[in-house]
Novice: 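I'd like to ask some things about the structure below.
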Amino acid sequence: LWSDLGPPAAAIAIILAVWQLSGLFLNPILLSTPAAVARELVSLGTNGQIWVALGQSLEEMAIGLAFGLIVGISLGLLMGRYALADRLLGPYVSFFNATPLVVIIPLVIIWVGITTEARLLFVFLITLWPVLLNTAAGIRNVDRGYLDVGLAFGFSERQILRHISIPAAIPFILAGIRISAGLAIIGMIVSEMEISFVGLGFLLVSFGNSFETGKLIAVVIVTSILGVLNVTILKMIQDRWFPWIAGVSGAGH
């Protein structure tokens, strides 16, 4: 237990100590100390400001990500399994995947307005492409021998997808979901900062503009914790429902 927890705990303690000592030499506007950030975080939690913003941000992130995963996995299955679908959709997917999506925010505002729907649309668009591309790649990389065995046993197209292609592509799909979940946080913050000032994005802009560095860093830490929770939840889902992935990939050895 000590070998697992000791080094990370020591590293964190050293970083916090150096950070705290830096407060003796740096202007607090440039960098607040851990103690000051902790006080600001408690204050934001006590007055409820952080909880209201966090609730709104989580709701929008979850809805946008859910739609992105549903559409992305569905189109990925279609493009990975059927060459015609890949030829028809491939150029558009490549184009939008290569486009920095921040540049379409003015278009999103024109199309949808400064609304919740605009923020959801941006989160959806930024999370769609990674899971789509990974799913398509996973379906294409299914061992041909498995498909031949399924055909030999008289599997229908639906049975091949359900019992062979999708299970074989699960590692690719989960990798795409992890990438999309990380991008969902980025999309949530960017949309709240650029489209309309709400949620955690609003707090970041507000505290940054007023030079409240302690509160700003506190919100940054909350956002980082969201990213860690995303990874942890996805890891728990993989360990619970797809434990064989670690054995196949050699993870954990």
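Not measured: the values here are computed from a predicted model. Both backbone and side-chain heavy atoms feed into the values below; hydrogens, waters and symmetry mates do not.
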Novice: Should we say atom CD of E157 is surrounded by more than 12 heavy atoms from elsewhere, each under 6.0 Å from it?
Specialist: yes

Novice: Where is the tightest heavy-atom contact between A218 and L44, given as atom of each residue plus distance?
Specialist: CB-CD1, 4.3 Å

Novice: Report whether L101 and I114 are members of the same hydrophobic cluster (ILVMFWY, side-chain heavy atoms less than 4.5 Å apart, transitive linking).
Specialist: yes

Novice: State yes or no: do V220 and F207 share one hydrophobic cluster built from I, L, V, M, F, W and Y residues joined by side-chain heavy-atom distances below 4.5 Å, directly or via other members?
Specialist: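 Same hydrophobic cluster.
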
Novice: Above 12 or not: heavy atoms from other molecules or residues under 6.0 Å from CZ of F155?
Specialist: yes

Novice: Give the intermediate values and the outcome of side-chain contact (heavy atoms from CB on, under 4.5 Å) for residues F122 and L125.
Specialist: CA-CA 5 Å; F122 185 75; L125 290 174; 5.5 Å; no

Novice: With no hydrogens and no angle check, is any side-chain donor or acceptor of T99 less than 3.5 Å from a backbone partner on F95?
Specialist: yes

Novice: Please identify each residue that fulfils salt bridge (charged side-chain N to carboxylate O under 4.0 Å, His left out) with E192, with sequence neighbours left out.
Specialist: none

Novice: Output the distance between atom CG (L151) and atom CD (Q159), rounded to the nearest 0.5 Å.
Specialist: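 Those atoms lie 11.0 Å apart.
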
Novice: How many angstroms lie between CZ in R240 and NZ in K235, if you round to the nearest 0.5 Å?
Specialist: 14.0 Å

Novice: Tell me whether V231 shares a hydrophobic cluster with M236, the cluster being built from Ile, Leu, Val, Met, Phe, Trp, Tyr side chains joined at under 4.5 Å.
Specialist: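 No, V231 does not connect to M236 through the hydrophobic network.
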
Novice: At what distance, to the nearest 0.5 angstrom, does CG of L30 lie from CZ of F211?
Specialist: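 One finds 10.0 Å between CG of L30 and CZ of F211.
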
Novice: Could you tell me whether the side chain of N97 reaches within less than 4.5 Å of the side chain of L132, counting heavy atoms only?
Specialist: no

Novice: Go through the steps for I164 and V149 under the test side-chain contact (heavy atoms from CB on, under 4.5 Å), then give the verdict.
Specialist: CA-CA 10 Å; I164 298 177; V149 170; 6.0 Å; no

Novice: Which pairs with one or both residues in residues 203-229 pass salt bridge (charged side-chain N to carboxylate O under 4.0 Å, His left out), sequence neighbours excluded?
Specialist: E212-K215

Novice: Is any side-chain heavy atom of L65 closer than 4.5 Å to a side-chain heavy atom of S180?
Specialist: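 L65 reaches S180 side chain to side chain.
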
Novice: Same hydrophobic cluster for V131 and L121, using side-chain heavy-atom links shorter than 4.5 Å among ILVMFWY?
Specialist: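 Different clusters.
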
Novice: With side-chain contact (heavy atoms from CB on, under 4.5 Å) as the criterion, how do L204 and L216 come out once you've worked through the C-alpha distance, each side chain's angles and the decisive distance to 0.1 Å?
Specialist: CA-CA 6 Å; L204 289 170; L216 178 62; 3.6 Å; yes

Novice: Short question: side chain of T135, backbone of I73 - any donor-acceptor pair under 3.5 Å?
Specialist: no

Novice: Give me the ring orientation class for F197 and F202: parallel if the planes are under 30° apart, tilted from 30 to 60°, perpendicular past 60°.
Specialist: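 Plane angle between 30° and 60°, so tilted.
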
Novice: Working to the nearest 0.5 angstrom, can you tell me the gap between I186 CD1 and I189 CD1?
Specialist: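 Interatomic distance, I186 CD1 to I189 CD1, rounded to 0.5 Å: 10.0 Å.
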
Novice: Is the shortest side-chain heavy-atom distance between I195 and I109 below 4.5 Å?
Specialist: yes

Novice: Does some side-chain heavy atom of V37 sit less than 4.5 Å from a side-chain heavy atom of T213?
Specialist: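 No, their side chains stay 4.5 Å or more apart.
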
Novice: Check whether any side-chain heavy atom of V102 lies under 4.5 Å from a side-chain heavy atom of I105, and answer yes or no.
Specialist: yes

Novice: Which heavy atom of S32 sits nearest a heavy atom of G214, and at what distance?
Specialist: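 Smallest heavy-atom distance, with atoms named: OG-N, 3.1 Å.
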
Novice: Might you confirm whether atom CZ of F96 has over 12 heavy atoms from other residues, nucleotides or ligands at distances under 6.0 Å?
Specialist: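 It does not: F96 CZ has 12 such atoms or fewer within range.
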
Novice: Which heavy atom of S191 sits nearest a heavy atom of R119, and at what distance?
Specialist: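 Closest pair (atom of S191, atom of R119, distance): OG-CB, 3.8 Å.
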
Novice: Between G113 and A118, what is the shortest heavy-atom contact and its length?
Specialist: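 Smallest heavy-atom distance, with atoms named: O-CB, 3.1 Å.
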
Novice: Search all heavy atoms of T127 against all heavy atoms of L183 and return the closest pair with its distance.
Specialist: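 Nearest pair, atom of T127 first, then L183: CG2-C, 4.3 Å.
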
Novice: Show the numbers, then the answer: is there a side-chain contact (heavy atoms from CB on, under 4.5 Å) between L226 and N230?
Specialist: CA-CA 6 Å; L226 286 182; N230 266 347; 5.7 Å; no

Novice: Are any non-hydrogen side-chain atoms of V71 and F124 less than 4.5 angstrom apart?
Specialist: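 Sidechains of F124 and V71: in contact.
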
Novice: When you group the ILVMFWY residues by side-chain heavy-atom contacts below 4.5 Å and let the links chain together, are M61 and V228 in the same group?
Specialist: no

Novice: From I170 CD1 over to S165 OG, what is the distance, rounded to the nearest 0.5 angstrom?
Specialist: 11.0 Å

Novice: Would you call L26 and T33 a side-chain contact if the rule is heavy atoms closer than 4.5 Å?
Specialist: no

Novice: I'd like to know if the side chain of Q20 and the backbone of A35 have a donor-acceptor N/O pair within less than 3.5 Å.
Specialist: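 A pair under 3.5 Å: yes.
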
Novice: On a heavy-atom basis, which atom in G138 and which in A169 lie closest, and how many Å separate them?
Specialist: C-CB, 3.5 Å

Novice: For the CD1 atom of I160 and the CD1 atom of I166, what is their distance to the nearest 0.5 Å?
Specialist: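 Those atoms lie 12.0 Å apart.
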
